[in-house]
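Input: a single structure, listed below in structure tokens.
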Amino acid sequence: MFTGIVEAIGTIERVAPFAGGVRLTVAAPQLDFSDVALGDSITHNGACMTVTELLPDGRFTIDVSDESLRCTVGLDREGGRVNLEKALKVDARLGGHLVSGHVDGIGDVVRFAPVGDNRELVVRAPAALARYLAVKGSVVVNGVSLTTNLVRDVPGGCEFSINLIPHTLSHTTLGDLAEGAQVNLEIDLIARYVERMLSLEAK
């Protein structure tokens, strides 16, 4: 489990294909590796991945399967920046919301514009995720726990608006976004279970 609070920004140094996926070498000198071991989980832009090798100078490797590449964006480009978060400790403070690290879908950025010192981020989510998004609800965008300010149904899905403060822009990769970019989305864990319970009651 994770919280959606980014701990560091990593850079994908190398993408090495292998049968069934790619091996990424990620540089993250600002991430605290004192409690990281082989096999531990770290989210990369919201996608939970397993540490396969610890290298010198704050670098490590992960193996990303073809299936994970198909369901996510931003994990196959050398030089790309990724939001990183280590798995949640049981006694840690829950600063964001409960996050599984499983990407539910890919969204399209339709607006990224200044609002004073902040930025308004508007993302179009696919129809399969629309029913899980609500005003003042939680959503994960590229691994960042965020709160929706507005949700509007549109053909083929819905659009939701988020206000990004300067701290979020400077401490995550969301400041790199632009209209036309794609982002990894994870819907709220509680919304997922509520939908499941209601669907069973309706039968």
Side-chain angles (χ1 to χ4, degrees), residues 1-88 96 99-110 112 119 121 123-126 128-129 139-146 162 164 168-187:
M1 298 298 296
F2 304 87
T3 68
I5 302 300
V6 174
E7 296 181 69
I9 295 175
T11 302
I12 301 174
E13 284 191 338
R14 185 166 183 261
V15 180
F18 65 87
V22 294
R23 177 163 297 145
L24 304 185
T25 300
V26 181
Q30 295 180 341
L31 189 67
D32 179 10
F33 285 92
S34 63
D35 57 353
V36 176
L38 295 183
D40 281 357
S41 296
I42 297 177
T43 57
H44 296 67
N45 276 1
C48 177
M49 298 293 165
T50 301
V51 175
T52 55
E53 186 177 5
L54 290 169
L55 302 169
D57 304 320
R59 296 156 57 243
F60 63 97
T61 66
I62 59 171
D63 291 347
V64 185
S65 69
D66 286 338
E67 173 65 12
S68 292
L69 291 174
R70 185 185 67 80
C71 298
T72 63
V73 292
L75 296 181
D76 58 356
R77 181 171 62 86
E78 289 187 0
R81 303 202 312 157
V82 289
N83 295 316
L84 302 175
E85 181 190 355
K86 297 181 292 187
L88 176 66
V99 174
S100 66
H102 300 156
V103 174
D104 293 304
I106 294 173
D108 298 297
V109 176
V110 297
F112 189 71
R119 294 292 185 276
L121 171 64
V123 177
R124 180 176 293 121
L129 302 186
V139 64
V140 181
V141 179
N142 277 357
V144 185
S145 172
L146 299 165
I162 293 169
L164 300 176
T168 302
L169 293 168
S170 63
H171 287 76
T172 73
T173 65
L174 297 185
D176 300 340
L177 293 177
E179 292 182 10
Q182 292 188 307
V183 290
N184 296 320
L185 300 177
E186 180 184 335
I187 54 93

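Computed from a prediction, not measured in an experiment: that's the story for all the values here. Residues: numbered from 1 along the sequence shown. All values below were derived from every heavy atom in this structure, side-chain atoms included, with hydrogens, water molecules and symmetry-related copies excluded.
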I need the Arg124 CZ to Ile106 CD1 distance, nearest 0.5 Å. 15.0 Å

Which value, rounded to the nearest 0.5 Å, describes the distance between Asn184 atom CG and His102 atom NE2? 13.0 Å

Work out which heavy atom in Ile62 is nearest to a heavy atom in Thr50; give both atom names and the distance. CG2-O, 3.4 Å

Taking atom CZ of Arg119 and atom OG1 of Thr168, what is their separation to the nearest 0.5 Å? 12.5 Å

Heavy atoms only: give me the nearest His171-Val6 pair and the separation to one decimal. O-CG1, 3.8 Å

Spacing of CG belonging to Leu55 relative to OG1 belonging to Thr25, to within rounding of 0.5 Å: 6.5 Å

May I ask you to decide if Thr173's main-chain N or O and Asn83's side chain share a donor-acceptor pair within less than 3.5 Å? yes

Nearest atoms (heavy-atom pairs only) where Ser34 meets Asp32: OG-OD1, 2.8 Å

Is there a side-chain contact between Lys86 and Asp40 (heavy atoms, below 4.5 Å)? no

What is the distance from atom CD of Glu85 to atom CG of Leu31, rounded to the nearest 0.5 Å? 10.0 Å

Distance-minimising heavy-atom pair for Gly74 and Ile12: O-CD1, 3.7 Å

Determine the sole option in Val144, Thr172, Leu177, Leu146 for which the side-chain contact (heavy atoms from CB on, under 4.5 Å) test with Leu164 is passed. Leu146

Does any pair with a residue in residues 42-57 pass salt bridge (charged side-chain N to carboxylate O under 4.0 Å, His left out), and if so which ones, sequence neighbours excluded? none

For Thr3 and Ser145 the tightest heavy-atom approach is O-CB, 3.4 Å

Any pair with a residue in residues 1-38 that passes ring-ring contact (aromatic ring centres under 6.0 Å, His included), sequence neighbours left out, goes on the list, sorted by first then second residue, please. Phe33-Phe60

Single hit among Val64, Asp66, Leu75 for side-chain contact (heavy atoms from CB on, under 4.5 Å) with Val22: Val64

Is a donor on one side and an acceptor on the other found under 3.5 Å between the side chain of Glu186 and the backbone of Gly101? yes

Do other residues, nucleotides or ligands put more than 12 heavy atoms under 6.0 Å from the CD atom of Glu78? yes

Going through the distances and angles, do Ile162 and Val139 end up as a side-chain contact (heavy atoms from CB on, under 4.5 Å)? CA-CA 10 Å; Ile162 293 169; Val139 64; 4.0 Å; yes

Test side-chain contact (heavy atoms from CB on, under 4.5 Å) on Val141 and Leu174 and set out the steps. CA-CA 8 Å; Val141 179; Leu174 297 185; 4.2 Å; yes

Atom CZ of Arg23 and atom OG1 of Thr52: how far apart are they, to the nearest 0.5 Å? 5.5 Å

Could I get the full list of side-chain hydrogen bond (donor to acceptor under 3.5 Å, both in side chains) partners for Gln182, not counting sequence neighbours? Asp108

If you look at every heavy atom in Ala28 and Gly10, which pair is closest and at what distance? CB-CA, 4.3 Å

